[in-house]
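Written out below as C-alpha cells is the structure these notes cover.
Residue numbering restarts at 1 for every chain, and letters A, B, ... go by the order of the sequence lines.
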Amino acid sequence: MQIDALIARLKEQYPPGKFGSRDPFHVLIATVLSQRTRDEVTDRAADKLFSKYRTPEELACADVRDIENLIREVGFYRVKALRVKEIARIINNDYGGKVPADIEALLMLPGVGRKTANCVLVYGFGKDEIAVDTHVHRISNRLGLVSTKTPEETEEELRRVIPERHWKYVNELFVRFGQDICRPAGRKCDQCPVSELCPDKRKKQ
DNA sequence: AAAACGGGGGC
DNA sequence: GCCCCAGTTTT
C-alpha cells in the first residue's frame with residue numbers, strides 16, 4: 001500500500017479542516033458528547049450547551065439536570081451529563097481551567113478513552129496523533145494497512161505503518177470517507193476515490 | 001469477552 | 001417498526 005498516495009488522494013477528496021485551532025475544552029466536551037452519536041445531532045446539542053455554559057468554571061457550576069435537558073438528544077444523556085460536569089470540575093480545579101495536552105492526564109478524566117483523548121490532542125492542540133474510532137478501524141483493515149481486531153491494536157499498528165506527518169489527518173479523512181463511500185454495509189466501491197489502492201474492493205457492477 | 005447506556009435518523 | 005450509530009465503563 002502506498003500511504004502517501006492514499007493520503008494525498010483522500011485530501012483531494014476531503015479538504016482538511018483546522019487542526020489545533022479549536023478551543024481544547026470545547027473539543028473535549030463535544031467529543032464526549034459525540035460518542036456513539038451522529039455528528040449532526042452532536043453539533044446541535046453542543047451548540048445549546050456552549051451557548052449557555054462557555055467555560056470550565058461555568059460548566060462545573062451548572063445544574064446536572066439542566067445539562068441533561070440541553071444534551072438529551074445525543075443519547076446516553078444522564079451519564080454524559082455527569083461526566084461533562086465532572087470533567088469541567090477537574091479541569092477547573094486541578095488544571096487551572098486549561099485542558100492538559102497530555103494523553104495520560106486526559107485518560108484519567110471520566111468518559112475519556114483513547115479515541116476521545118487523541119481527538120483532543122489532534123483537533124484541540126494540533127498534535128501528531130492517531131484517533132482510532134470504528135470508521136478508522138474498519139477502513140484500515142479493508143485497505144490492508146493493518147490486520148487487527150481491536151481499535152487499540154489498530155492504533156498501535158497504524159503508528160508503525162503511517163509516517164508521523166500524516167497522523168493528524170487520519171481520523172478526519174477516514175471518518176469522512178467511511179461515512180461517504182466506504183460504509184460499514186453498502187459500500188460504494190464504484191465511486192471510491194482510492195479503489196485502485198484497495199485489496200478488498202468489490203468488483204465493479 | 002460481553003453487557004449496558006439511549007435518542008435520532010435511515011430505510 | 002427495526003436496526004445501526006465519531007465509545008467508554010463495568011461486570
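- The environment of K48(A) atom NZ is dense: over 12 non-hydrogen atoms of other residues, nucleotides or ligands sit within 6.0 angstrom.
- Interface residues of residues 125-138 of chain A facing DNA chain C, ordered by number: D133(A), T134(A), H135(A); criterion, heavy-atom separation under 4.0 Å.
- For A8(A), there are no side chain to side chain contact (heavy atoms under 4.5 Å, CB included) partners at least two apart in sequence or on another chain.
- dC5(B) atom P lies 12 Å from atom OH of Y77(A), rounded to whole Å.
- Of the residues in residues 154-174 of chain A, none lies under 4.0 Å from DNA chain C by heavy-atom distance.
- C182(A) meets the side chain to side chain contact (heavy atoms under 4.5 Å, CB included) test with I139(A), R142(A), F177(A); sequence neighbours excluded.
- Under the salt bridge (charged side-chain N to carboxylate O under 4.0 Å, His left out) criterion, the residue pairs touching residues 88-111 of chain A are E86(A)-R89(A), with sequence neighbours excluded.
- For the segment residues 23-45 of chain A, the set of residues with a heavy atom within less than 4.0 Å of an atom of DNA chain B comprises R36(A), T37(A), R38(A), V41(A), R44(A), in numerical order.
- By the salt bridge (Lys or Arg N to Asp or Glu O under 4.0 Å) test, E156(A) pairs with R160(A), sequence neighbours left out.
- For residues 3-19 of chain A, the salt bridge (charged side-chain N to carboxylate O under 4.0 Å, His left out) pairs, not counting sequence neighbours, are D4(A)-R165(A), R9(A)-E196(A).
- Secondary structure note: stems in DNA chain B built from 3 or more consecutive Watson-Crick or G-U wobble pairs under 3.5 Å occupy B:1-5 with C:7-11, B:7-11 with C:1-5.
- In terms of the side-chain hydrogen bond (donor to acceptor under 3.5 Å, both in side chains) criterion, D43(A) has no residue partners (sequence neighbours excluded).
- L109(A) comes within 4.0 angstrom of sugar-phosphate atoms only, judged by non-hydrogen atoms across all strands, and of no base.
- Every residue was checked against the salt bridge (Lys or Arg N to Asp or Glu O under 4.0 Å) condition with R183(A), not counting sequence neighbours, and none meets it.
- Residues satisfying the side-chain hydrogen bond (donor to acceptor under 3.5 Å, both in side chains) test with H135(A), not counting sequence neighbours, are R138(A).
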